[in-house]
Amino acid sequence: MPASYAYLGPEGTFTEAALRTLPEAATRELIPYVSVQSALDAVRVGEAEAAFVPIENSVEGGITTTLDELVAGAPLMIYREVLLSITFALLVRPGTKLSDIKTVSAHPAAQPQVRNWLKNNLPDAHWESAASNADAARLVQEGQYDAAFAGEFAAALYGLEALETGIHDAENAQTRFVLVGRPARPAAPSGADKTSVVLWQRDDHPGGLRDLLGEFATRGINLMLLQSRPTGAGIGNYCFCIDAEGHISDRRVAEALMGLKRICLEVRFLGSYPRADIKPGDAEQPRLGTSDEAFVSAADWVARCQDGRF
Ligand SMILES: O=C(O)C(=O)Cc1ccccc1
């Protein structure tokens with residue numbers, strides 16, 4: 001197994017900055033890839049042990065390329081998540097003034113975070129999407145665009161200077177990144193975990209989504225993400241990406257997944273992994289009647305009833 005992590009590159013992405021916060025990244029070779037797809041494919045073909053990619057941001061929601069790869073591509077599993085607070089710098093070739101800027105570029109997920117700033121400061125600039133924010137910086141260096149929105153730290157890598165820093169339409173904007181590998185046994189519960197799944201409904205009926213959500217609700221499981229994605233089978237056909245509190249080895253989570261497996265056309269397990277938003281020990285206690293002990297004693301009671309020993 002190659003001891004390398006693929007990531008959305010080139011060098012100087014927020015993805016790379018987030019990846020470097022993981023202790024295990026220090027012992028791996030970090031290899032930049034040009035797209036989320038190519039980083040994930042590197043894992044699928046065994047070129048890399050895992051890939052690190054953006055999956056969600058607090059301003060715009062899911063990063064659809066990543067969700068769609070996890071939903072429809074050859075199965076992969078999430079092992080870790082990282083949250084990074086993000087503000088942008090406007091990077092230009094040295095000497096460029098604001099009034100010189102006719103074209104700006106960044107990753108599409110950056111646009112909702114800089115839209116108001118652009119309207120107020122560069123209302124006539126033409127937006128061009130790039131494969132990543134650092135790639136936009138690289139293209140500015142090459143002369144293809146006049147300015148890029150990227151991390152301030154990318155300036156030195158591409159011989160650029162920051163004309164403006166701290167650009168962010170929404171206060172406290174965060175992006176969530178995940179470390180994705182081939183399917184294997186999830187790490188043991190950390191005490192504050194999250195489980196990701198994709199659900200496909202068996203048929204279209206009133207309350208169909210409520211039935212799916214009910215499997216979590218009746219077991220006291222809080223949801224942290226619900227994003228529908230088109231299945232590609234026609235208008236109105238969606239699957240649901242869900243992040244739920246807890247680990248698959250928690251009885252309530254396992255029971256909810258069994259319930260979903262019984263009623264869904266398909267359930268894809270995407271992993272149980274430590275939450276980045278809180279530390280183990282700070283997680284809420286299970287709601288009344290949803291602890292492992294409650295499930296075990298209820299199952300014992302049913303077994304005794306079946307045995308006539310109640
Ligand atoms: O990692 C990057 O730099 C990216 O291009 C992805 C991205 C886009 C917008 C916010 C955070 C990360």
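Nothing here was measured: the structure is a model prediction, and the numbers come from that model.
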Whether Ser272 side chain and Ile248 backbone form a donor-acceptor pair below 3.5 Å: yes
Leu98 versus Leu163, closest heavy-atom pair with distance: N-CD2, 3.7 Å
Heavy atoms of other groups near Glu152 CD, more than 12 under 6.0 Å: no
In a table with atom names and distances, give each donor-acceptor pair under 3.5 Å that connects a side chain of residues 230-242 to protein atoms at least two apart or in another chain.
{"from": "Thr231", "atom 1": "OG1", "to": "Ala233", "atom 2": "N", "distance (Å)": "3.2"}
{"from": "Thr231", "atom 1": "OG1", "to": "Asn237", "atom 2": "O", "distance (Å)": "3.4"}
{"from": "Asn237", "atom 1": "ND2", "to": "Gly234", "atom 2": "O", "distance (Å)": "3.3"}

Ion pair Arg275/Glu81, N-O distance below 4.0 Å: no
salt_bridge(Glu16, Arg20) N-O dist < 4.0 Å: yes
Minimum heavy-atom distance between Tyr79 and Pro183, given as atom pair plus value: OH-C, 3.8 Å
Spacing of Asp135 atom CG and Ser35 atom OG [to the nearest 0.5 Å]: 10.5 Å
Parallel, tilted or perpendicular: ring planes of Phe88 versus Phe149, cut at 30 and 60 degrees: perpendicular
Cationic N near anionic O, under 4.0 Å, Glu161 to Arg93: no
CD-CD1 distance between Gln227 and Ile63, expressed to the nearest 0.5 angstrom: 9.5 Å
From Asp211 atom CG to Ile263 atom CD1, the distance as rounded to the nearest 0.5 Å: 5.5 Å
Value rounded to 0.5 Å, distance of NZ in Lys102 from CG in Asp146: 7.0 Å
CD (Glu142) with more than 12 external heavy atoms under 6.0 Å: yes
Rounded distance (nearest 0.5 Å) linking atom OH of Tyr5 with atom CG of Leu19: 8.0 Å
N/O donor-acceptor pair under 3.5 Å between Asn121 side chain and Trp117 backbone: yes
Salt-bridge present (Asp300, Arg309; N to O < 4.0 Å): no
OG on Ser58 to CD on Gln113, rounded to 0.5 Å: 6.5 Å
Closest heavy-atom pair and its distance - Cys264, Leu212: SG-CD2, 3.5 Å
Neighbour count >12 (heavy atoms, 6.0 Å) for atom CG, Asp282: yes
Arg304 vs Asp307, salt bridge (charged side-chain N to carboxylate O under 4.0 Å, His left out): CA-CA, chis, key distance, verdict: CA-CA 5 Å; Arg304 277 186 277 113; Asp307 242 12; over 6 Å; no
Nearest atoms (heavy-atom pairs only) where Gly166 meets Thr87: CA-OG1, 3.7 Å
